[in-house]
There are 2 protein chains.
Amino acid sequence: MTFKNVSCILNPNQQIDATGHQSASQELALARNKRHLEPKVKKEEIELVAMALLKEKGYDKTSMAEIARSAGVAANTIYWYFENKDDVLIAVLNRVVSQAIAEMATLREQTFRARVLTLIGQIENSGSLMTDVHSRVNHSTKVQVWHEQFHTMVEQLSVSELVNAEVCLDEAQLDAKLLIYVIEGLLAHPHKLQEREQIIDQTLKRILAK
Amino acid sequence: MTFKNVSCILNPNQQIDATGHQSASQELALARNKRHLEPKVKKEEIELVAMALLKEKGYDKTSMAEIARSAGVAANTIYWYFENKDDVLIAVLNRVVSQAIAEMATLREQTFRARVLTLIGQIENSGSLMTDVHSRVNHSTKVQVWHEQFHTMVEQLSVSELVNAEVCLDEAQLDAKLLIYVIEGLLAHPHKLQEREQIIDQTLKRILAK
DNA sequence: ACCTGAACACCGTTCAAGT
DNA sequence: ACCTGAACACCGTTCAAGT
């Protein structure tokens with residue numbers, strides 16, 4: 001199981017991206033329209049702006065109006081590109097996660113411990129996004145599906161890591177959940193860097209004890 | 001450290017309850033007013049109604065208007081008893097937790113494992129209240145304070161349990177956080193009853209391994 | 001296809017007024 | 001002290017209309 005296998009689990013937005021019927025005639029029509037140079041660029045711009053705002057202020061404190069204003073469009077324009085606010089959140093989450101995966105791929109040679117710690121640092125860098133996911137799960141089934149897929153992905157990765165570290169499969173599957181919940185706990189609650197490392201060390205020590 | 005020691009950490013709403021200046025003359029005035037038989041009863045009624053609704057539908061999907069309607073008062077009446085919606089949440093949380101503590105006090109003779117499992121069952125019984133707390137922490141400093149107090153309380157309880165089970169203090173403090181995060185993870189994500197027990201067993205096995 | 005102004009329904013909260 | 005009707009500011013979302 002490589003990181004590339006996983007990123008296709010993660011990006012079902014290929015469906016979303018493939019919704020437009022991009023024929024040659026339409027591209028000509030767009031070229032004539034002076035309001036928008038590139039339609040796909042606009043969507044990307046909205047996602048980037050939304051990512052910055054959601055990372056900084058979280059889901060609830062970021063209004064659609066503010067995203068729109070920062071992207072230089074009218075408030076309702078976002079609804080041409082996204083079904084609703086939760087869809088914007090999902091697009092941002094996909095960006096954040098695939099970015100994190102890309103950075104993680106660099107660290108293949110590091111210790112398990114080191115990789116876990118940098119992973120935590122990365123997610124922490126995305127503000128309250130993970131908490132936001134948990135609170136939106138009850139409101140949007142789409143977010144719920146995303147969250148489930150994300151968890152199974154991280155679980156599979158963790159299991160394979162643990163099996164590599166000589167934990168037998170049965171226990172690895174339980175330990176993986178255990179590890180993930182500890183990581184989520186660390187992310188959901190404020191911790192000093194040293195304290196965080198202690199807890200991770202303790203967890204790994206408990207899991208990898210022979 | 002007994003459960004009774006703890007419940008005074010938990011109930012700073014004695015401050016809140018003590019705000020009224022209940023002189024004898026006022027009680028007479030209230031008796032003359034036919035609209036409300038007992039003012040404290042009204043507040044309690046609001047809290048009970050809010051507790052039912054928040055447990056059932058969660059924080060976001062329960063509006064102040066709905067709470068008021070169920071309590072038989074005008075929407076803004078709640079603001080005489082509570083500063084804002086987060087204050088209502090905190091009052092409900094205090095009720096839920098002290099109720100859980102009372103029920104836990106019954107189970108002194110049970111196994112650690114059994115007590116943990118019934119605790120999880122109790123909290124799960126309160127719907128998404130714990131997730132709601134985590135998502136409101138970023139919006140209300142009062143909720144944030146409540147959350148911190150709650151965590152230190154549960155941590156102290158867990159540490160003393162672990163020390164009783166022959167874990168040395170240094171490790172018990174780390175293991176306590178570990179255990180709590182696993183419990184929170186179990187609460188935040190759907191699990192079959194059997195799966196939940198397996199994860200708890202695995203965690204306790206890892207923590208209590210000699 | 002892409003974008004907008006104007007409106008809608010709903011929300012938490014406030015205020016002036018009643019008893 | 002306790003309660004209310006009416007209003008406010010804000011929110012996500014929709015719709016009819018423009019290009």
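Reminder, nothing fancy here: chain letters follow the sequence lines and each chain counts from 1.
The side-chain contact (heavy atoms from CB on, under 4.5 Å) test applied to A/A102 returns no partner, not counting sequence neighbours. Under the salt bridge (Lys or Arg N to Asp or Glu O under 4.0 Å) criterion, B/D132 pairs with no residue at all, not counting sequence neighbours. With sequence neighbours excluded, no residue satisfies salt bridge (Lys or Arg N to Asp or Glu O under 4.0 Å) with A/E45. With sequence neighbours excluded, the residues that form a side-chain contact (heavy atoms from CB on, under 4.5 Å) with B/I120 are B/V116, B/I183, B/L186, B/L187, B/R196, B/I200. Remark: B/D201 engages B/R113 in a salt bridge (Lys or Arg N to Asp or Glu O under 4.0 Å) (not counting sequence neighbours). Remark: A/E148 engages A/Q144 in a side-chain contact (heavy atoms from CB on, under 4.5 Å) (not counting sequence neighbours). Under the rule for a side-chain contact (heavy atoms from CB on, under 4.5 Å), the partners of B/A65 that lie at least two apart in sequence or sit in another chain are B/S63.
Summarising the geometry, the separation between CZ on B/F82 and C1' on D/dC3 is reported as 15 Å, rounded to the nearest angstrom. Per the geometry, CH2 belonging to A/W80 stands 6 Å off C1' belonging to C/dA1, to the nearest Å.
Taking the side chain of B/K42 as heavy atoms from C-beta on, and the options C/dC2, C/dT4, D/dC3, the nearest nucleotide is D/dC3. Closest to the side chain of A/V73, out of C/dA1, D/dC3, C/dT4, is C/dT4.
For residues 48-57 of chain B, the pairs satisfying side-chain hydrogen bond (donor to acceptor under 3.5 Å, both in side chains) are B/K57-B/E66, with sequence neighbours left out. Screening residues 118-142 of chain A for ring pair (Phe, Tyr, Trp, His ring centres under 6.0 Å), with sequence neighbours left out, gives A/H134-A/H147, A/H134-B/H189.
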| Once each nucleotide of nucleotides 11-17 of chain C is scored for protein heavy atoms under 4.0 Å, what B/S/- sequence comes out, 5' to 3'? | SSBBB--
| request: Report the secondary structure of DNA chain C in dot-bracket form, marking unpaired bases with a dot and bases paired to a different strand with |, and treating Watson-Crick or G-U pairs with both distances under 3.5 Å as paired. | output: ||.|||||...|||||.||
Grab the N/O contacts between the protein and nucleotides 7-9 of chain D below 3.5 Å, and write none if there aren't any.
none

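The side chain to side chain donor-acceptor pair (under 3.5 Å) test with A/Q202 singles out one residue from B/R206, B/K177, B/Q173, B/E171, and that residue is B/E171.
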